[in-house]
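Here is the structure we will look at, set down as structure tokens.
Below, read A as the first sequence line, B as the second, and so on, with proteins coming before strands; counting in each chain starts at 1.
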Amino acid sequence: DPKIIQKPKYLVAVTGSEKILICEQYLGHNAMYWYRQSAKKPLEFMFSYSYQKLMDNQTASSRFQPQSSKKNHLDLQITALKPDDSATYFCASSQDGTFYAEQFFGPGTRLTVL
Amino acid sequence: TQTVSQSDAHVTVFEGDSVELRCNYSYGGSIYLSWYIQHHGRGLQFLLKYYSGNPVVQGVNGFEAEFSKSDSSFHLRKASVHWSDSAVYFCAVSASSGSWQLIFGSGTQLTVMP
């Protein structure tokens with residue numbers, strides 16, 4: 001059974017619209033993360049959360065807003081979508097928020113912005 | 001600032017060959033190193049990690065990696081590859097002085113020919 005669920009698997013959006021990417025983990029972990037992988041750049045860290053609190057934000061734009069309604073959820077809201085936002089977005093989690101904690105990744109949501 | 005360099009974008013070998021995928025990092029403090037594998041269209045799967053202790057670490061599916069502080073390297077090796085090992089391999093580093101983010105290299109595409 002998948003331990004980290006990301007929904008949807010594929011997402012197509014038009015420029016200027018808003019989308020929410022869903023992430024749920026069933027590993028009992030306390031820390032969650034978002035990463036982005038695009039054709040132009042390697043895997044990039046976006047956010048880290050620990051016990052539902054934002055710990056680090058490496059995104060330059062406020063259009064990206066993580067939302068944690070439950071300890072095992074970390075959704076990603078993206079507003080005013082641009083074609084450059086097209087990428088695969090990976091959610092990850094770790095037992096706790098230490099730099100040496102093994103991070104487990106979900107299958108990703110592939111976002112295409114037209 | 002931590003950086004990770006994977007000098008080989010593509011490596012092609014034959015089934016049964018040994019392989020070494022190179023990873024060099026730049027950082028002077030306490031670090032955590034790991035390798036992930038990504039099969040086409042899939043998420044990242046953890047292979048192995050190093051934080052302290054024995055510099056040679058064993059991972060899943062016969063992979064091992066060796067940490068060298070003097071060379072700032074964490075190369076991944078496998079003695080005998082199988083066609084199913086064809087994938088992209090990512091080296092990642094996390095540092096104690098930064099956030100919990102994993103900083104990834106650009107990846108090495110390993111192709112195993114039958």
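- Contacts of A/A92 with chain B are absent, with no heavy-atom separation under 4.5 Å from either backbone or side chain.
- With a threshold of 4.5 angstrom between heavy atoms, A/Y33 approaches chain B through side-chain atoms but not through N, CA, C or O.
- The shortest distance between side-chain heavy atoms of B/F46 and A/F104 does not fall below 4.5 Å.
- Counted within 6.0 Å of NZ on A/K7, heavy atoms from surrounding residues, nucleotides or ligands total 12 or fewer; the atom is thus considered open.
- Residues A/I22 and A/M46 fall into different hydrophobic clusters, defined by Ile, Leu, Val, Met, Phe, Trp and Tyr side chains chained together at heavy-atom separations under 4.5 Å.
- Contact of the A/Y100 side chain with the B/L33 side chain is not registered, since no non-hydrogen atoms from C-beta on lie closer than 4.5 Å.
- In this structure, chain A has no heavy atom under 4.5 Å from any part of B/Y50.
- For A/Y35 and B/F104, the gap between ring centers is short of 6.0 Å.
- Across all their heavy atoms, A/P42 and B/G105 have their closest contact at CB-O, 3.8 Å.
- More than 12 heavy atoms of other shown residues, nucleotides or ligands fall within 6.0 angstrom of atom CZ in B/F63.
- Residues A/F90 and B/L44 are in side-chain contact: their nearest non-hydrogen atoms beyond the backbone lie under 4.5 Å apart.
- Using a 4.5 Å cut-off between heavy atoms, A/Q37 contacts chain B through its side chain alone, with no backbone atom that close.
- Here the side chains of B/F90 and A/L43 are in contact, with some heavy-atom distance below 4.5 Å.
- Considering only heavy atoms from C-beta on, A/E102 comes within 4.5 Å of B/Y32 through its side chain.
- A 6.0 Å sphere centred on CZ of B/R77 holds more than 12 heavy atoms belonging to other residues, nucleotides or ligands.
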